[in-house]
Amino acid sequence: VLTLTASGTGGLEAALVNTLSPGGPVLAGSIGFFGVRLGEIAALYGADVSRLEFPAGQGADPERIRQALRQRPDLPELHHNLGNVHREQGRLDQALSSYGQALRLRPDYAKAFINRGIALVALGQLDDALRDLRQGVQLRPDLADAHTSLGAALSVQQQFDEALAEYEQALKLSPDHGETRWNQSL
């Protein structure tokens, strides 16, 4: 948990400055003021911004994200984000397809491996899930969420010692990580 003594705009700027490269792609999905502001800040920092507007109070429309992908099919981040939308909406096969496309475009995309692993766990494909989650951890050993997700998958397979080791690593990286503490207690 990081506490920022700033406005919402300050929080958006802090997030973008720490993740963007000039000329890097940003798909700014706006469901209200902060989505618009995110696109503005990204543009100020030199990002290649594509904008999508959605009605206030509604979720992102996967079809509109797909249309954005058709315009920029070379951006693994867009495929990854579409995979996340599909996963959150329970369309796991579509999520796997989107994560797979992101990984074809960027084979070292740790978060795509991790999120595909999470979707594979939900589908009961545990061996494939563990393979992806381990790859994600190998690529980004600094991500507490990666270790937590791997620990959860190991728990499902009743590999409790290995799961606890992953939870401990996650807590070393992020001592106040609530999901890890919860999983560790089960």
Side-chain angles (χ1 to χ4, degrees), residues 1-22 24-27 34 38 41-42 45 47 75-90 92 95-96 98-186:
V1 175
L2 174 67
T3 303
L4 293 176
T5 56
S7 65
T9 297
L12 287 174
E13 183 173 3
L16 288 170
V17 166
N18 286 290
T19 58
L20 282 181
S21 298
V26 171
L27 176 61
F34 285 104
L38 177 109
I41 294 169
Y45 281 95
L75 299 179
E77 294 84 359
L78 293 179
H79 292 281
H80 176 254
N81 291 342
L82 179 59
N84 288 341
V85 170
H86 284 309
R87 185 170 51 87
E88 289 171 12
Q89 294 179 348
L92 299 175
L96 293 179
S98 294
Y99 294 137
Q101 183 60 28
L103 289 164
R104 280 187 285 285
L105 292 168
R106 192 168 128 203
D108 65 343
Y109 198 168
K111 290 185 180 182
F113 276 112
I114 294 160
N115 286 315
R116 187 170 72 176
I118 292 168
L120 288 164
V121 168
L123 287 167
Q125 298 176 25
L126 297 177
D127 291 336
D128 291 336
L130 287 173
R131 182 198 65 233
D132 275 6
L133 291 165
R134 285 187 170 117
Q135 182 66 29
V137 166
Q138 182 179 355
L139 290 166
R140 289 291 308 273
D142 59 315
L143 292 177
D145 285 337
H147 292 281
T148 298
S149 296
L150 177 54
L154 289 164
S155 289
V156 170
Q157 283 207 323
Q158 298 184 357
Q159 297 177 32
F160 299 117
D161 290 339
E162 290 179 64
L164 285 174
E166 292 300 328
Y167 294 146
E168 288 171 9
Q169 182 60 34
L171 291 171
K172 284 180 188 174
L173 295 167
S174 181
D176 296 323
H177 197 262
E179 182 182 353
T180 303
R181 291 208 177 276
W182 172 258
N183 287 350
Q184 189 181 37
S185 71
L186 295 178

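Count residues from 1 along the sequence. For clarity, every value in this text was computed on a predicted model and none was experimentally measured.
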* To do: Please round to the nearest 0.5 Å and tell me the distance separating atom CZ of Phe113 and atom CG of Leu150.
  => 14.0 Å
* Asked: Cut-off 3.5 Å, side chains only: do Glu77 and Tyr109 have a donor facing an acceptor?
  -> no
* **Qualifying residues under side-chain hydrogen bond (donor to acceptor under 3.5 Å, both in side chains), relative to Gln169, sequence neighbours excluded** => none
* Asked: What's the spacing between Gln125 CD and Arg131 CZ if we round to 0.5 Å?
  -> 9.5 Å
* **Nearest heavy-atom neighbours spanning Ser174 and Ala144** => CB-CB, 3.8 Å
* Structure fact -> Between the CG atom in Leu126 and the CG atom in Leu154, the distance rounded to the nearest 0.5 Å is 10.0 Å
* Can you name the closest pair of heavy atoms from Leu173 and Pro141 and give their distance? -> CD1-O, 3.3 Å
* Asked: What pair of heavy atoms forms the shortest contact from Ala112 to Ala102, and how long is it?
  -> CB-CB, 4.3 Å
* Output the distance between atom CG (Asn84) and atom CG (Asn115), rounded to the nearest 0.5 Å. => 4.5 Å
* **Full working for side chain to side chain contact (heavy atoms under 4.5 Å, CB included) between Asp145 and Ile114** => CA-CA 9 Å; Asp145 285 337; Ile114 294 160; 5.8 Å; no
* Structure fact -> Note: Gly151 and Ala163 closest approach over all heavy atoms is O-CB, 3.3 Å
* Identified side chain to side chain donor-acceptor pair (under 3.5 Å) counterpart of Tyr99 within the set Arg87, His80, His79, His86 -> Arg87
* To do: Nearest 0.5 Å please: distance from the CG atom of Leu75 over to the CG atom of Leu82.
  => 12.5 Å
* Compare every heavy atom of Gly117 with every heavy atom of Ala129, then report the nearest pair and how far apart it is. => CB-O, 3.4 Å
* To do: Mind running side chain to side chain contact (heavy atoms under 4.5 Å, CB included) on Gln159 and Leu130 for me, showing each step along the way?
  => CA-CA 11 Å; Gln159 297 177 32; Leu130 287 173; 4.3 Å; yes
* To do: In sequence, state the C-alpha distance, the side-chain angles, and the governing distance for Asp128 and Arg116, and then conclude on side chain to side chain contact (heavy atoms under 4.5 Å, CB included).
  => CA-CA 9 Å; Asp128 291 336; Arg116 187 170 72 176; over 6 Å; no
* Working to the nearest 0.5 Å, report the span between OG of Ser149 and CG of Leu143. => 9.5 Å
* Asked: For the residue pair Ala119 and Leu96, what are the closest heavy atoms and their distance?
  -> CB-CD2, 3.8 Å
* Any Lys/Arg nitrogen of Asp108 or Arg106 sitting under 4.0 Å from an Asp/Glu carboxylate oxygen of the other? -> yes
* Chi angles and distances behind the side chain to side chain contact (heavy atoms under 4.5 Å, CB included) call for Ile118, Val121 -> CA-CA 5 Å; Ile118 292 168; Val121 168; 5.7 Å; no
